Number of protein chains: 2
Amino acid sequence: MEDEVDRLVAAWRRERPDLDVEPLEVLSRVSRLARHLDRARRLAFSEVGLEPWEFDVLTALRRAGAPYQLSPGALLTQTLVTSGTMTNRIDRLAKKDLVERLPDPNDRRGVLVRLTPAGRDKADASLAGLLTQERAILAELSRDQRRELAGLLRRLTGPFDNLPG
Amino acid sequence: MEDEVDRLVAAWRRERPDLDVEPLEVLSRVSRLARHLDRARRLAFSEVGLEPWEFDVLTALRRAGAPYQLSPGALLTQTLVTSGTMTNRIDRLAKKDLVERLPDPNDRRGVLVRLTPAGRDKADASLAGLLTQERAILAELSRDQRRELAGLLRRLTGPFDNLPG
DNA sequence: ATCAGCTATCTCGACGTAGAGATATATCGT
DNA sequence: ACGATATATCTCTACGTCGAGATAGCTGAT
């Protein structure tokens with residue numbers, strides 16, 4: 001099946017035959033697919049009254065395991081947002097009583113963000129729904145193809161995720 | 001090489017062994033990689049004084065070929081933003097004399113957005129830089145692997161791009 | 001010819017994010 | 001101990017996006 005990137009690449013080859021646009025075959029698809037996924041996630045979460053950014057934070061805490069707490073800094077690396085954004089997110093989640101801030105006992109500069117019971121319920125409820133939706137999107141591929149795709153993507157994400165910065 | 005998604009998946013398997021989180025192996029990597037790419041692009045474009053959103057619009061027009069014009073609606077489907085956003089973008093690009101608005105001769109509701117010569121220069125200058133950067137990211141993979149990856153991604157983007165909506 | 005419904009674009013208010021700077025605390029070498 | 005430097009988090013402003021609604025023009029059925 002042809003997609004927008006096929007059309008995009010064909011257009012560049014016509015307009016700029018002097019350039020090798022092969023990289024776009026992979027990376028433009030990654031960007032566009034992520035955008036489609038954002039939209040689908042927003043729709044799915046709206047059914048349980050959750051914003052995608054709330055999901056990201058709550059599930060990061062849920063994954064940490066009991067007592068479901070992480071520093072803002074740890075949340076940054078997991079969610080790929082800036083510190084100003086994370087402060088804002090924690091504020092809003094705290095106002096909804098889904099998380100609470102605690103002083104870090106080992107570092108007086110630091111803070112720990114902990115999931116409340118209500119926050120944990122939200123996190124658990126939303127994850128199952130997301131997985132169902134993602135399974136539908138991935139039904140285009142066989143199990144082996146999904147595994148192959150995951151492996152190739154890991155080769156690209158690895159360098160970013162293990163970067164010093 | 002291990003990445004954040006490996007850690008994320010391992011954490012879910014520990015915390016929620018009742019759920020099959022295999023879909024995250026693919027789709028969480030897509031989302032995170034797109035986020036990394038956004039950052040890298042922002043950095044690369046700042047060197048030529050261009051924002052990523054400006055690049056997206058200008059190159060869509062450039063790809064259209066002479067006379068480098070498209071309707072706002074056509075730009076929407078290519079850039080995956082909403083109409084309000086596109087109006088705003090066109091306004092700002094017009095203010096910088098990179099594009100101009102023309103009435104559509106065939107539909108009095110419509111408008112055509114056309115690249116100015118300055119806009120075309122910007123588009124051409126920035127594309128080469130982007131490709132160089134993307135090539136570096138993709139150097140992790142062999143030519144065959146890149147082709148394979150592009151093919152698998154197309155299977156996922158195709159349904160979205162060919163959807164009625 | 002007309003009307004209902006559709007399409008293309010723009011308007012506008014609410015919201016979330018980035019990014020730089022501020023503050024407080026920790027850490028390391030001397 | 002001390003000072004330089006690094007780290008953790010928060011504050012604040014500017015900016016871009018979304019999304020619902022408004023407007024104007026098109027189109028097909030009757």
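Naming convention: chains lettered A, B, ... in sequence-line order (proteins, then strands); numbering from 1 in each chain. Only a predicted model underlies this, so the values are computations on that prediction, with no experimental measurement involved.
For residues 77-91 of chain A, the set of pairs meeting the salt bridge (Lys or Arg N to Asp or Glu O under 4.0 Å) definition, not counting sequence neighbours, comprises A:D91-A:R101. Counting only residues at least two apart or on different chains, the salt bridge (Lys or Arg N to Asp or Glu O under 4.0 Å) pairs with a member in residues 58-81 of chain B are A:E15-B:R62, B:R62-B:D124.
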Please tabulate, for the side chains in residues 127-135 of chain A, all donor-acceptor contacts under 3.5 angstrom to protein atoms that are two or more places apart in sequence or on a different chain.
residue	atom	partner	partner atom	Å
A:T132	OG1	A:A128	O	3.1
A:Q133	NE2	A:A40	O	3.0
A:R135	NH2	B:D20	O	2.7

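Listed by chain and residue number, B:R109 satisfy the side chain to side chain donor-acceptor pair (under 3.5 Å) test with B:D107 (two or more places apart in sequence, or in another chain).
Between C:dT9 and B:T87, no contact under 4.0 Å exists linking OP1 or OP2 to a side-chain N or O. Phosphate proximity of C:dG16 to A:R92: present, with a side-chain N or O under 4.0 Å from OP1 or OP2.
Of all nucleotides in DNA chain D having an atom under 4.0 Å from a heavy atom of chain B, the first and last in 5' to 3' order are D:dG16 to D:dC26.
Rotation axes derived from the C1' atoms of the five outermost pairs at either end of the helix from C:dA1-D:dT30 to C:dT30-D:dA1 lie 30° apart, to the nearest 10°.
Within the nucleic acid shown, A:G73 comes within 4.0 Å of sugar-phosphate atoms alone, with no base atom in reach, counting heavy atoms only. Here B:N88 lies in heavy-atom contact (under 4.0 Å) with a base.
Looking at A:T82 and A:T85, their side chains do bring a donor and an acceptor atom within 3.5 Å of each other.
Judged by distance alone, with hydrogens and angles left aside, the side-chain atoms of B:T116 form a donor-acceptor pair with the main-chain N or O of B:L98 at under 3.5 Å.
In terms of position along DNA chain C, the nucleotide closest to A:V81 lies nearer the 5' end than the nucleotide closest to the other residue of the pair A:R108 and A:V81.
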